[in-house]
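To keep things clear, I will list the structure first and then write my remarks on it.
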Amino acid sequence: MKRTLIAAGCAAVLAIGGGVWVGFGSATATTAKPSIHGWPSSTVPAATTVASVKADAATSGSQVLLLREHPVREVFVDVTENGFSAGDYFIFESQLRYLQGAEVVGRDSVRCTVGPRTFICDATALLFGKGKVVAYAAIFPHGAVSLAVTGGTGIYKGVGGQLNVADLRHGDSLLAFEITR
């Protein structure tokens, strides 16, 4: 998997009824710092994500905004000092380009906190000369990475909608916004 938090995977889940960590290693804490590379992985392919967002927008009259995100900075904060565990968090910042473009059109900043079974992520995407779009959600393992658009500034003031994230090649991510007014 291209987007990993630890070599074993990026999803933090407790096996149902078993109380065993899956994805973060064993129940024994590790002092190794995980390698953070952007969003938790989505199991939904980018092409499927784009088609779904466009279909939803066609029926609802929403605006579609497709961006390619390229990470430039990242940091992992080990709050408990006993390895990758609930309460720890990671922050990353990225450059944004339109999906088919080469020019940098914005940047974003994302913070994901590790939960017992989820990642809780909040993100702000700044599009130069247009404004910001803010999104937030608990991200559950083994599925789509979807966040609620909770507002914005500039031309995005008062928006709602949804942000879907999917893996792209070379460590980039697709940010597929369906923006409602």
Side-chain angles (χ1 to χ4, degrees), residues 3 5 10 12 36-77 79 87-115 117-141 143-181:
R3 298 247 178 225
L5 297 174
C10 73
I36 306 299
H37 299 289
W39 294 96
S41 287
S42 172
T43 58
V44 179
T48 303
T49 299
V50 169
S52 175
V53 167
K54 286 183 176 181
D56 288 348
T59 60
S60 68
S62 303
Q63 174 188 357
V64 173
L65 177 60
L66 302 175
L67 300 170
R68 183 169 33 97
E69 176 191 63
H70 179 75
V72 292
R73 281 180 285 283
E74 55 195 33
V75 65
F76 169 73
V77 179
V79 174
D88 295 343
Y89 61 94
F90 54 97
I91 301 169
F92 61 95
E93 297 175 342
S94 305
Q95 295 176 335
L96 301 175
R97 294 174 172 81
Y98 291 117
L99 188 57
Q100 301 302 323
E103 179 185 352
V104 174
V105 297
R107 62 179 186 233
D108 70 0
S109 179
V110 180
R111 176 185 165 142
C112 293
T113 302
V114 178
R117 298 181 188 198
T118 62
F119 291 98
I120 303 160
C121 298
D122 58 88
T124 301
L126 166 67
L127 293 166
F128 300 141
K130 294 183 179 182
K132 297 175 189 171
V133 180
V134 179
Y136 177 85
I139 298 173
F140 296 89
V145 175
S146 298
L147 295 88
V149 171
T150 59
T153 65
I155 68 169
Y156 303 108
K157 181 178 179 180
V159 299
Q162 184 167 298
L163 164 61
N164 292 290
V165 182
D167 296 338
L168 294 172
R169 292 188 305 227
H170 308 297
D172 290 353
S173 293
L174 164 70
L175 302 183
F177 289 91
E178 183 182 344
I179 298 173
T180 59
R181 299 205 181 258

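When reading the values below, keep in mind they use all heavy atoms of this one structure, side chains included, and skip hydrogens, waters and symmetry mates. Since we're looking at a predicted model, the values are computed, not measured.
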Quiz prompt | Validation row: Arg181, Gln63 side chains within 4.5 angstrom (heavy atoms) | solution = yes
Practice problem: Can you tell me which residue pairs pass the side chain to side chain donor-acceptor pair (under 3.5 Å) test with a partner in residues 156-165, sequence neighbours excluded? | Solution: Ser146-Asn164, Gln162-Asn164
Quiz item: Going by the salt bridge (charged side-chain N to carboxylate O under 4.0 Å, His left out) test, which pairs reach into residues 55-68, not counting sequence neighbours?
Solution: Arg68-Asp172
Quiz prompt | Shortest non-hydrogen contact between Leu96 and Leu175, atoms and distance | solution = CD2-CD1, 3.7 Å
Exercise. For Phe119 and Phe90, run side chain to side chain contact (heavy atoms under 4.5 Å, CB included): C-alpha distance rounded to whole Å, both residues' side-chain angles, the deciding distance at 0.1 Å, then the answer.
Key: CA-CA 10 Å; Phe119 291 98; Phe90 54 97; 3.7 Å; yes
Self-check item: side-chain contact (heavy atoms from CB on, under 4.5 Å) partner of Leu174, chosen from Val53, Thr49, Val165, Asp167
Solution: Thr49
Quiz prompt | side chain to side chain donor-acceptor pair (under 3.5 Å) partners of Asp108, counting only residues at least two apart | solution = Ser94
Practice problem: List the atom of Ser60, the atom of Glu178, and the distance in Å for their closest heavy-atom pair. | Solution: OG-OE2, 3.4 Å
Quiz item: What distance separates Leu163 CG from Phe177 CZ, expressed to the nearest 0.5 Å?
Solution: 4.5 Å
Exercise. Check the pair Leu67 / Val105 against side chain to side chain contact (heavy atoms under 4.5 Å, CB included), numbers first and verdict last.
Key: CA-CA 9 Å; Leu67 300 170; Val105 297; 4.2 Å; yes
Quiz item: Considering residues at least two apart in sequence or located in another chain, which fulfil the side chain to side chain donor-acceptor pair (under 3.5 Å) criterion with Lys54?
Solution: none
Practice problem: Look up atom NE2 in His70 and atom CZ in Arg107, then write down how far apart they are to the nearest 0.5 Å. | Solution: 15.5 Å
Quiz item: Ser42: what forms a side chain to side chain donor-acceptor pair (under 3.5 Å) with it, not counting sequence neighbours?
Solution: none
Quiz item: Which atom names give the shortest non-hydrogen contact between Trp39 and Ala123, and what distance separates them?
Solution: CH2-CB, 3.9 Å
Exercise. With rounding to the nearest 0.5 Å, note down the distance linking CZ in Phe128 to CD in Glu103.
Key: 9.5 Å
Quiz item: Who are the salt bridge (Lys or Arg N to Asp or Glu O under 4.0 Å) partners of Arg97, not counting sequence neighbours?
Solution: none
Quiz prompt | Set of residues satisfying side chain to side chain contact (heavy atoms under 4.5 Å, CB included) with respect to Thr113, sequence neighbours excluded | solution = Tyr89, Arg111
Quiz item: Are the side chains of Thr118 and Ile139 in touch, meaning some heavy atoms are under 4.5 Å apart?
Solution: no
Exercise. Identify the heavy atoms of Pro45 and Ala166 that sit nearest to each other, and give their distance.
Key: C-CB, 4.3 Å
Quiz prompt | Non-neighbouring partners of Tyr98 that pass side chain to side chain donor-acceptor pair (under 3.5 Å), sequence neighbours left out | solution = Lys130
Self-check item: Sequence-distant partners of Thr124, side chain to side chain contact (heavy atoms under 4.5 Å, CB included), two or more places apart
Solution: Lys132, Val134
Self-check item: Which residues share a side chain to side chain contact (heavy atoms under 4.5 Å, CB included) with Thr43, sequence neighbours left out
Solution: none
Exercise. Locate the shortest heavy-atom distance separating Val159 from Gly152; write the atom from each residue and the value.
Key: CG2-N, 4.3 Å
Self-check item: Ala137: partners by side chain to side chain contact (heavy atoms under 4.5 Å, CB included), with sequence neighbours left out
Solution: Leu147
